[in-house]
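Written out below as structure tokens is the structure these notes cover.
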Amino acid sequence: MQTVPKLVKVDIMSFERPDIIRPPSEWKSYYLPITSGCSNNTCTFCNYYGCKLQVRPVADAIKEIDALSMYVRQGVHVPDVPQVVYMLGRGWDGKRIFLQDGDALVYPLPDLVEVLEHVNEIFPQLERISTYATAQDILRRSQEELAELKQLKLDVFYIGVESGDEDVLRKIHKGVNYAEMVTACRKAKDAGIALSVSVILGLGGVEGSQRHALETAGILTDIDPEYAGALTLTFVPGTPLYREAEQGAFQSISPLQSLEELKIMIENASFTDCFFSSMHASNYFSVRGRLPQDKEQMLEQLRYILERKDPALLRPEFLRGL
Ligand code: SF4
């Protein structure tokens, strides 16, 4: 049984709205913060490392939902509502909501249900709600609770799986091992919640590169998600991994080695039906396709780049992003 992390409840005035950090595929969503930060703030590579988790009062979240409704339906601005609500509401098509922040699924269940019920009541045409989630968040929910969330249209979880290599998971302080990650993901799938998982090229460093790639192919196979995305390790100042790299304790792989890892993952992972992509701005080269059917075509693109070894074919360093 997973223990519930210490939740910092704050009053309405002191809840700090987080910056918008969201998956690329959520570009059309309205971003509704119910937390700020991440409850598992220990991952040594992450920009949430060491952050303070804040939990937004339900009344405040509901006030924002009501203000959004007034704005999109009648063009009315409600006093004391941040301008970002109107900026986001202006281009919103009313179909998707993304719950912020780093693991909004940590929000206490009765409060989460209340917010979701209210969103559904006010926006009945809503098609889906999604959130980042940690394996720990999922493991501490019962199967019935996850099914209830699915009923309330919370039906996509974005999960940072990062690696299938036990050593890597331990070193980056992910807080769960291979088996726990797979169990959590399967539990969400059993509740009918779609999974979009991400893995990080380069997380094993030079020494552990091949093992990281092979073991990550293994965990992707065991999870069998609907969506999978590969990111490339980017060093974030202030994180332990950044310091390790600076001190030479962590040796970073080259851009071409990251594509070699990507090739190994695609070659060795088996999926039922997965949209796999490396479109994220951190990557040196983008491939995407539906697996298994597009496997050969994706591998062909990677082999071409790896054989040519031409840096001009890769995304330049200055255009890479988090
Ligand atoms: S990787 Fe995910 S779980 Fe880890 S600190 Fe970052 S947001 Fe939290």
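As the structure lists them, so they are numbered: ligands from 1, and atoms in each ligand from 1.
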Whether [X] lies under 4.0 Å from ligand 1, heavy atom:
X    : value
D103 : no
Y132 : no
Y48  : yes

Atoms of ligand 1 under 4.0 Å from any heavy atom of F45, numbered from 1 in the order shown, are 1 (S)
Using a 4.0 Å cut-off to any heavy atom of E162, which atoms of ligand 1 qualify?
1 (S)
Will you find, in the side chains of [X] and [Y], an N or O donor that is under 3.5 Å from an N or O acceptor?
X   : Y    : answer
T44 : H173 : no
S25 : Y158 : yes
N40 : T42  : yes

Among all the protein's non-hydrogen atoms, which is closest to [atom], and how far away is it?
atom                    : answer
atom 5 (S) of ligand 1  : N40 O, 3.0 Å
atom 2 (Fe) of ligand 1 : K174 NZ, 3.8 Å
atom 8 (Fe) of ligand 1 : C38 SG, 2.3 Å

Counting neighbours of OH on Y227 that are heavy atoms of other residues, nucleotides or ligands and sit closer than 6.0 Å, is the number greater than 12?
no
Heavy atoms only, cut-off 4.0 Å: how does Y49 contact ligand 1, side chain, backbone, both, or neither?
neither
Examine the proximity of ligand 1 to T134 and report which part, side chain or backbone, both or neither, has a heavy atom under 4.0 Å away.
side chain
Note, P33 side chain near D101 side chain (heavy atom, < 4.5 Å)
no
With a 4.5 Å cut-off on side-chain heavy atoms, are V115 and L32 touching?
yes
With a cut-off of 2.8 Å, does C43 place any N/O/S atom under that distance from atom 8 (Fe) of ligand 1?
no
N, O or S of C46 under 2.8 Å from atom 4 (Fe) of ligand 1:
no
Under 6.0 Å between ring centres, would you say that holds for F123 and W92?
yes
Can the ring centres of Y132 and F98 be said to be less than 6.0 Å apart?
yes
